[in-house]
Amino acid sequence: MRRSRVLVHVLLALGALGMVAPFIWQFLTSLKTLHHATQVPPTLAPDWRWQNYAQIFDLIPFGQQFLNTVLMTGARAIGQVLFCSMAAYAFARLRFPGRTFIFGIFLSVLMVPPQLFIIPQYEIIARLGWLNSLPALIVPGLFSAFGTFLLRQFFLGLPVELDEAARLDGANPLRIWWSIMLPLARPGLVALGILTTIWSWNDFFWPLVVNNDPEKMTLSAGLASLQGQFMTDYPVLMAGSLLASLPVIAVFVVMQRQFVQGIAFTGTKG
Amino acid sequence: MAWIGRRAGALLGVAALMMATAACGGGDTGNDDPNAKVTLSYAVWDKNQVPAMQQLATAFTAENPNITIDVQLTPWETYWTKMKAAATGGAAPDVFWMNGPNYQLYATNGVLAPLDEKIAADKVDLSSYPQALIDLYTVEGKHYGLPKDFDTVGLWYNKELFDAAGVGYPDATWTWDTFKQAAAKLTDKSKGQYAIGANLSSAQEYQYNTIFQAGGSVISADGKKAGYADPATIEGLKFWTDLIKDGYSPDLKTMTDTVPLNLFESGKTAMYYGGSWNVAEFTANEYTKTRVAAAPLPKGVKSATVIHGLVNVVSAKSAHPDAAWKFVKFLGGRTAAEQLGKSGVIPAYNGTQAGWAAAHPELNLQAAFLDQVPNAVAYPISRNTAAWQELETTYLTPAWNQQKDVAAAATELAKAMDESLAKE
């Protein structure tokens, strides 16, 4: 009995180490010289070059890009929760002609690889005159077919009697959505919010394509610009990436329970 | 997965460019007032050259106070995908960097403004640039860009390992035979040390050079037929597969895990076929800084090195074509070239290159890279270069893995490449 528990703990500890190893490696690399970072066979020992961290702030407008990333992530998360829950409520409860058909078209969006949207989206943004701006980062991420689908399934699981009771009391659909559905759907909304946050924070390609000015870029795109064609200073890049992932790690530590529930609930991590 | 993604991306890009052509009818006729305030966007992909580009932009604005330049950096990995989106969306930068493999695709799809009339009107002398570079960027007799810089390939070597093995440093007298004799002495498997990494991931640094040295070709001059069935070309490929077979190079699997550049930078290989662009890396790395130097590539039937370079091009949809041309002309001129040479790349303008080599006399750059220009052969391209470059990797991998005879692999490659070229 005791021995098997020890075994379980050893196994779990090994598993945990395996999961944390890339972060430890990243941290150690961020403190190495370029030579030691690319050496074969690799060495573990860092050179304690803390100046790699200082260098990030000279190379890219880190503070401004951090702010852009926070604004983009926050606005997208709030927007998706709001708009997706509205659409999801309509698809789950309201009866209107062509509902199934429209929902089918909606779902078909999920079948298309997202890369295909890049060029048309770019053209739309270009014609709106929004290239190289904060709205260009935010607006295309405000809506999501996946979020709508997720919340619709959630709403379908709620008892219809609640709606009916509210309607008898004279509540209009907007009121029912706001006062009845949203409070009940909290776990689903939190899950969607968390997924959107992770996805937006990591979103790389769209911010890179649509914005040119370093002051208008997000951290993911800004860090990518540290890669040269023929030469990359990996220790500095690692230092920057580590700084960029700290906020997500902090959010995770604070909201660990919701994270795990949310991911278990949706069965995906985005 | 990444491979599939890249391939899908390439197809998407081609489709997008064709849409772009269909969408753009007549070209814009720019602003007539030469003194109106104008801002030009200038897209570049190398972070390390951004400071130099900013300096050139400032110098240009000093001469032309009404034109300011906005230098925009997109990292190499995503530059072309972004460019395709921008070109299709009609929002390509006014002026941007263009390379050989992408040139004909963009030029023949109407994304680039033809410059011949302007070159003639302003009497820009194209013989101021290496001929091979001008050839590379001539498509159907037309020019769409002015050369910015170029690079050639040389033999980098680790002096410490040469000293330890008692082998004399490589120089212009080296032939393939000298190279192989040295390779045998420089290989010490007990220490995990090899003479060189015979990789297949970068034809420009590896097999294209030896193909040309053997007197072979990659693609015919008219860009319609593959050169891989030519016995001379096969000799050029055999140079590399023999190195693996004889054990002077790690096998392909090892080099997939650790790229030859890192092996060389860790003292695990004594030599490295690399470009002039490696100067930046080798002088920044604490290990190579004091240990490496360069020499010309060993001679086969003849001397040859692959030359490639960039041109500055003007978007066909630029709202300010005249200002954009003025900037491109400035960038292609002697003053700009002299400044560019100080930033670590070889300027394309003839007679301005010596400064680049003089910055690191200990590396022997003049002999290794600049003196080779008369022997240089242009980087092979066609209208859809990416399509057959992928075939090269696919068909040659079994030969590099020693699973297939080189001649058989090359002959099959020639057939597949001919089919690909027929579709262009």
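By convention in this document, chain letters (A, B, ...) are assigned in the order of the sequence lines, proteins followed by strands, and residues within each chain are numbered from 1. Side-chain atoms are counted along with the backbone in the values below, which use heavy atoms only and exclude waters and symmetry mates.
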Could you state the interatomic distance from [atom1] ([X]) to [atom2] ([Y]), rounded to the nearest 0.5 Å?
{"X": "A:Leu34", "Y": "B:Glu286", "atom1": "CG", "atom2": "CD", "value": "6.0 Å"}
{"X": "A:His35", "Y": "B:Lys289", "atom1": "NE2", "atom2": "NZ", "value": "11.5 Å"}
{"X": "B:Glu77", "Y": "A:Gln227", "atom1": "CD", "atom2": "CD", "value": "5.5 Å"}

### Query
So which residues of residues 259-269 of chain B are in contact with chain A at a heavy-atom cut-off of under 4.5 Å?
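Residues of residues 259-269 of chain B touching chain A at under 4.5 Å: B:Asn262, B:Leu263, B:Glu265, B:Ser266, B:Lys268.
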Min side-chain heavy-atom separation [X]-[Y] under 4.5 Å:
{"X": "A:Val209", "Y": "B:Thr81", "value": "no"}
{"X": "A:Leu208", "Y": "B:Pro75", "value": "yes"}
{"X": "A:Asn212", "Y": "B:Lys82", "value": "yes"}

### Task
Select, from A:Ile125, A:Ile118, A:Asp213, A:Leu226, the one with the greatest count of heavy-atom pairs under 4.5 Å involving chain B.
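Sorted descending by pairs with chain B, the first entry is A:Leu226.
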### Query
Which one of A:Asp233, A:Val40, A:Thr38 has the most heavy-atom pairs closer than 4.5 Å to chain B?
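Greatest number of close heavy-atom pairs with chain B: A:Val40.
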### Query
Checking heavy atoms, do the side chain of A:Asn132, its backbone, both or neither come under 4.5 Å from chain B?
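Neither; nothing under 4.5 Å.
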### Query
Is chain B contacted by the side chain of A:Ile124, its backbone, both, or neither, given a heavy-atom distance below 4.5 Å?
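For A:Ile124, there is no contact with chain B at all, as no heavy atom is under 4.5 Å.
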### Task
Select one option (side chain, backbone, both, neither) describing which atoms of B:Ala43 are under 4.5 Å from chain A's heavy atoms.
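The answer is neither part of B:Ala43.
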### Task
Pick whichever of B:Thr258, B:Asp70, B:Thr78, B:Thr288 has the most heavy-atom pairs under 4.5 Å with chain A.
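The residue among B:Thr258, B:Asp70, B:Thr78, B:Thr288 with the greatest pair count is B:Thr78.
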### Query
Of the listed residues (B:Asn285, B:Thr74, B:Leu73), which shares the most heavy-atom pairs with chain A below a 4.5 Å separation?
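Greatest number of close heavy-atom pairs with chain A: B:Asn285.
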### Message
Heavy-atom count check: over 12 atoms from other residues, nucleotides or ligands less than 6.0 Å from A:Tyr234 OH?
### Response
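Incorrect, the count does not exceed 12.
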#### Entry: B:Lys159, NZ: over 12 other non-hydrogen atoms inside 6.0 angstrom
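Atom NZ in B:Lys159 is crowded, with more than 12 foreign heavy atoms closer than 6.0 Å.
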### Message
With a strict 4.5 Å heavy-atom criterion, list every residue of residues 15-33 of chain A that contacts chain B, or say none.
### Response
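Checking residues 15-33 of chain A against chain B gives A:Thr33.
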Considering all heavy atoms of both residues, which atom of [X] and which atom of [Y] are nearest to each other, and what is their separation?
{"X": "B:Ala91", "Y": "A:Tyr122", "answer": "CB-OH, 3.7 Å"}
{"X": "B:Glu281", "Y": "A:Met231", "answer": "OE1-CG, 3.1 Å"}
{"X": "B:Gly89", "Y": "A:Ala126", "answer": "O-CB, 4.5 Å"}

